[in-house]
Participant: 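I am attaching a structure below and will ask some questions about it afterwards.
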Amino acid sequence: MQQSKNLQRLLRALSRHGLQVNYENRTYSVSLQSVNAATAEVLLPEGFPVEAKAFKQLANLANIRHPGGGCVTHTCATPDFHPGDAGVAIGSVVQTKGMVIPAAVGSDINCGMRSHVVDLTLEQFLQKRDRFVELMKGDYFFGTRDVTMTAKTSRALFQYGIPGWLDEMLDTPTGSFVKSNFDQLSGEIDRVYLGGSMNGAIKWAPEELIPDEGVVRDGGLGTIGGGNHFVEIQVVEAVEDRATAYLWGVREGQLAFTIHSGSRNVGKYIGGMWRDLAKAAWPKGYPYPDYRLFPLSVEANPELVRNYLEAEATAANYGFINRLLLAELLRLRLREVYGDIEAPLVYDLPHNITLGEKRITHGKLTKEDLWVTRKGACPAHFGQPVIIPGSMGATSYLVVGKGNQAFCSSASHGAGRLKSRFEMSRRGAIHTEEDLGLIGVDCITLREERRIEEAPAAYKPIQPVIDIQVEAGMVSVVAKLKPILTFKG
DNA sequence: ATGTGC
């Protein structure tokens, strides 16, 4: 098979890091010489360079094991694969047995996507666009909407996620704007991954957010955040799977909105705390794992593993509710400006999280200390809705999972970065709308450099990234969402 | 990812 220069360079880089690669039918099957004999599955779009550093990080991840028991059993790289700052490549999926690696999820716990459709045409939307934008700028950037809650409600948020938080909210004097739409919010719980509820615990939350009594005013809740996070108004441009789109309530020509955000400072706090705790628990006398990705062993330290998963769940619950509030703020303003329109949830899912994996062993569904950590990768179980954004200002895809076992039922979480933020923002670099790939997209932000750093031109084109995942049987396309207006934190 | 850093 004829191979491009990029590909040859890539294969050499892979072999330097102990990865042996077969390239066939546009997919790479990779055998990985890791101490754990872990397998690897790598899927990359042709014609785009992938940094050797990302593969070094993948090989390193596959080699992690705990002296007290626990190892990596399988790794994957999704086609938006690129190096990560914290030693783990974005687009990595890692399956572990008998251990978890807190640093593999890192700080951005339950970063994820949420999409709604809106019964409004583009023309109707544009007529009152200015008023709507001013109201949203207030809510997202200046906190005009009061999202205070009682101490009890805030504690329920961390412990139970969406359902427990909603129940508690109903009984408190605060949060009137959530209570006013309680029935719809409750009815949408089954369209959130895991019902928006994980087994958290109050004690892992930042102290100032869990007082014994009184009121909590959390400036982080209902905010977009930085990096690649955004909230975007879109149009359902094309429906490619009519039956599934109908089931999900998605129709061509409708307006839609999509949210990309996570657990903000709470994830940073909990992720950072456990990076330190995992280091402190590393057995004395053993060399540190590269990039300091310290695992926690079930056999050596069952309590620590339980606590970490509980702490991660605590931040994840906050992430689910942050996205819910971002959506609810927007939905309320839509109704305020455009009348009593429907804007139902399509789906909400995380792409940065550790989940216990159920396996079928001897015909029985079991959980045997086996986890899958997805770092910038979506779960994509059979029939499950998946939201894959390109970047802000680029087409987002609603796809349906195919449960591809080689990829631990996963899909990419985006297109993958092509140019660093620094590269985009340096002086003399391209700045016209055309060069940024932002033609016809209205970017609302308080900081102009964000518009440049996160422009579509900083990312790979999304289409080949989707195509190769369809070919590999990971997902199939349901609908495409074309951006109109982006709120950028 | 993070009221970040070049």
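The chains referred to below are lettered A, B, ... by the order of the sequence lines, with proteins before strands, and numbering in each begins at 1.
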Participant: For A:G226, answer base if it contacts any base atom (sugar-phosphate contacts may also be present), sugar-phosphate if it contacts only those atoms, and nothing otherwise; contact means non-hydrogen atoms under 4.0 Å.
Facilitator: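 Counting heavy atoms under 4.0 Å across all strands, the contact made by A:G226 is with sugar-phosphate only.
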
Participant: Ignoring hydrogens and geometry beyond distance, is the side chain of A:R450 in donor-acceptor contact with the base of B:dT4 at under 3.5 Å?
Facilitator: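 Counting by modelled atom types and ignoring angles, a donor-acceptor contact under 3.5 Å is found here.
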
Participant: Tell me yes or no: between the side chains of A:N110 and A:S263, is some donor less than 3.5 Å from an acceptor?
Facilitator: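 Side chains of A:N110 and A:S263: no pair found under 3.5 Å.
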
Participant: Could you check how far NE2 of A:H229 sits from C1' of B:dT2, rounded to whole Å?
Facilitator: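 Atom NE2 in A:H229 sits about 10 Å away from atom C1' in B:dT2.
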
Participant: Starting at atom CG of A:L446, determine the distance to atom P of B:dT4, rounded to an integer number of angstrom.
Facilitator: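 Nearest whole value for this atom pair: 14 Å.
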
Participant: Would you say the side-chain atoms of A:Y318 pair up with the backbone N or O of A:G262, donor to acceptor, closer than 3.5 Å?
Facilitator: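 No, because the side chain of A:Y318 does not come within donor-acceptor range (under 3.5 Å) of the backbone of A:G262.
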
Participant: Quick one: is B:dG3 close enough that its OP1 or OP2 comes under 4.0 Å of any side-chain N or O from A:R264?
Facilitator: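 The answer is yes; a side-chain N or O of A:R264 sits under 4.0 Å from OP1 or OP2.
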
Participant: Below 4.0 angstrom, which residues in residues 271-279 of chain A have at least one non-hydrogen atom near DNA chain B?
Facilitator: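 Per residue number, the list is empty: none.
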
Participant: Between atom CD in A:E453 and atom C1' in B:dG3, what is the gap in whole Å?
Facilitator: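 Rounded to the whole Å, the gap is 14 Å.
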
Participant: What is the separation between atom CD on A:E423 and atom P on B:dG5, rounded to the nearest whole Å?
Facilitator: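 Roughly 20 Å, once rounded to whole Å.
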
Participant: With a 4.5 Å limit on heavy-atom distance, are the side chains of A:R374 and A:P379 in contact?
Facilitator: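 Answer yes - side chains close enough.
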
Participant: Excluding sequence neighbours, so at least two apart, what forms salt bridge (charged side-chain N to carboxylate O under 4.0 Å, His left out) with A:R65?
Facilitator: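 For A:R65 there are no salt bridge (charged side-chain N to carboxylate O under 4.0 Å, His left out) partners, ignoring immediate neighbours.
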
Participant: Taking CG from A:N322 and P from B:dT2, how many angstroms apart are they, rounded to a whole number?
Facilitator: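 Spelled out: CG on A:N322 to P on B:dT2 is 10 Å.
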
Participant: Let me know, please, whether A:E454 or A:F422 comes out on the 5' side of the other along DNA chain B by nearest nucleotide.
Facilitator: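 Final value for this comparison: A:E454.
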
Participant: Could you pull out all residues at least two apart from A:E207 that satisfy side-chain hydrogen bond (donor to acceptor under 3.5 Å, both in side chains)?
Facilitator: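 If we apply the side-chain hydrogen bond (donor to acceptor under 3.5 Å, both in side chains) test to A:E207, skipping adjacent residues, there are no hits.
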
Participant: Quick one: which of A:W204, A:W371, A:W274, A:F294 gives a ring-ring contact (aromatic ring centres under 6.0 Å, His included) with A:Y308?
Facilitator: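 Running ring-ring contact (aromatic ring centres under 6.0 Å, His included) over A:W204, A:W371, A:W274, A:F294 with A:Y308 returns exactly one hit, A:W274.
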
Participant: Atom CG of A:N110 and atom C1' of B:dT2: how far apart are they, to the nearest Å?
Facilitator: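 Between C1' of B:dT2 and CG of A:N110: 16 Å.
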
Participant: Could you state the atom-to-atom distance from CD of A:E449 to C1' of B:dC6 in whole Å?
Facilitator: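 It is 13 Å, rounded to the nearest whole Å.
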
Participant: Should the ring pair A:H229 and A:H260 be called parallel, tilted or perpendicular, given that the plane angle runs from 0 to 90° and is split at 30 and 60?
Facilitator: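 Answer is tilted, since the angle falls between 30° and 60°.
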
Participant: How would you label the contact of A:G225 with the nucleic acid (heavy atoms, under 4.0 Å): base, sugar-phosphate, or nothing?
Facilitator: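 Result for A:G225 = sugar-phosphate.
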
Participant: Starting at CG of A:D85 and ending at P of B:dG5, how long is that distance when rounded to a whole Å?
Facilitator: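 Roughly 12 Å, once rounded to whole Å.
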
